[in-house]
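Accompanying notes for the structure given below.
Proteins get letters first, then strands, A, B, ... in listed order; numbering begins at 1 in each. Quick note: numbers below take in every heavy atom, side chains included, and nothing from hydrogens, waters or symmetry partners.
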Number of protein chains: 2
Amino acid sequence: MAAECFMEQGFHATSIDDVARRLGATKGRIYHHYPSKIELFFDVHRAGMELLFSAVEPASQVDGDGITVLAAMLEAHAMAILEHHTFESVVAQGVQMHRFGATTPAQREILNELIGSRDRFEAMFKKAATTARKDGTLANVDISIAVKTLLGGIQWSLIWYRPQSDTGPKSRRHLAEQMVKTLVDGVRARGNTQAASAPAPARSTRKRG
Amino acid sequence: MAAECFMEQGFHATSIDDVARRLGATKGRIYHHYPSKIELFFDVHRAGMELLFSAVEPASQVDGDGITVLAAMLEAHAMAILEHHTFESVVAQGVQMHRFGATTPAQREILNELIGSRDRFEAMFKKAATTARKDGTLANVDISIAVKTLLGGIQWSLIWYRPQSDTGPKSRRHLAEQMVKTLVDGVRARGNTQAASAPAPARSTRKRG
DNA sequence: GTCTATATGCTGATAGAC
DNA sequence: GTCTATCAGCATATAGAC
């Protein structure tokens, strides 16, 4: 499936001719397999979601306390995003497309199905966070907002990650580990410094200069 | 400036007629002020970046240790993103556009300038993180990756945030606080549980079932 | 300054040859 | 199944009236 040009230019900027050219063929071939451009897009979207599920579901079954499971899921997600960033860019586009755009009722229905799977995906992380809460291993945060923020921290790598600067699975693993460490443990130093006990960030806007 | 329809449908899916209609006018008006569609887009992008700078720069001057300053900057950034999410969506699109697309050398040059300001923006956060490191208030993370992850966690709200479900500045403030708390303090419970001392997430994939 | 045509090119989709 | 025309519609941009 060479339909990953959607990633490079976006759905609207990508013409069927572009896809066909990259495939070394002409439009005829594509329209033989797909009735319309948007259904091709949906298919890529669907494949992207399946890749995410098959990466994260096993991770949700690891042994350990709540936060350990959540961290494993996040790392699996991060690895999947980096490895299949072409597909996952399309997924992200689909989410935005759902938010507005989709015109015909038929398209709307398919999009709803895809967004539904997206919601089930997020629910997996919420469930893991809830388990960690009961566990006592989750910090005192709003689970819904926290999960969106965690996933966002990882998914934003779709924007800045450049695969060509990648030397292979090892550097991807390093990236994934660092992202997850940042998100799970935070950037505030742990331990017995005075900063670690302050519960909320200061909001004074008094200036120095 | 009603050119925020770029946010709703994206650059390519938005026609000049769309923008003009929302403005209660016709194309003539727009082409009188802007020579082309992409220059209109660039102008919105530029405005979006200025909004970010004028939100975060004051926050970088608050009193406090390194992590406190960083947290204040993140919260200011989050508030700006939520308040001006239309403009910031355009900024995000511009980043992706830069990654590939931009065809003519003239467009490329303008985009480079805009992306340059984006890099200066990120550098502010890296500088604050470096200060916090010297401070001892920053956790042991890769600063470059951590900053990208922190900003990503906030910026992903561009995708899921629905302004209509917003009851005003107060709920935005709540969202911003929760996002920053999640990012700065992490989701792992702090304190004297056994989990808090484990440095890295487990990577065993042994299943239960 | 703002509007109403209008030119020009591109793109999604179709029909039919091979 | 895949390719080569080809149609029809739409979008950027321009020219000129008011």
Should the pair B/F6 and B/F11 be assigned to parallel (<30°), tilted (30 to 60°) or perpendicular (>60°) ring geometry? tilted

Taking only N and O in the side chain of B/H12, is any of them less than 4.0 Å away from OP1 or OP2 of D/dA11? no

In whole angstrom, what separates B/I16's CD1 from C/dC10's C1'? 16 Å

Roughly, in whole Å, what's the span from OH in B/Y31 to P in D/dA17? 21 Å

Side-chain N or O of B/T26 less than 4.0 angstrom from OP1 or OP2 on C/dC3? yes

Are B/H77 and B/F121, when compared by the centres of their aromatic rings, separated by less than 6.0 Å? yes

Considering only side-chain heavy atoms of B/K37, which listed nucleotide, D/dG1, D/dT4, D/dT12, is closest? D/dT12

From C/dG12, D/dA13, C/dA13, nucleotide with atom closest to A/S36 side chain: C/dA13

Cation over ring face, A/K148 and B/Y161, 6.0 Å, 45°: no

In whole angstrom, what separates A/Q9's CD from C/dT11's P? 10 Å

Rounded distance in Å - CD1 (B/I30) to P (C/dT4): 13 Å

With no hydrogens and no angle check, is any side-chain donor or acceptor of A/R188 less than 3.5 Å from a backbone partner on B/A71? no

Using whole Å, report how far CG of A/D17 lies from P of C/dA13. 12 Å

A/D135 (side chain) donor-acceptor with A/T137 (main chain) under 3.5 angstrom: no

Gap between atoms CD1 and P, on A/I38 and C/dG12 respectively (whole Å): 11 Å

A/R29 CZ to C/dA17 C1', in whole Å, measures 18 Å

Separation of atom CG in B/L23 from atom C1' in C/dC3, rounded to whole Å: 14 Å

Regarding the side chain of B/H32, the nearest nucleotide among C/dG1, C/dG12, C/dC3 is C/dG1

Both B/P35 and B/A13 contact DNA chain D. Taking the nearest nucleotide for each, which residue is further toward the 5' end? B/A13

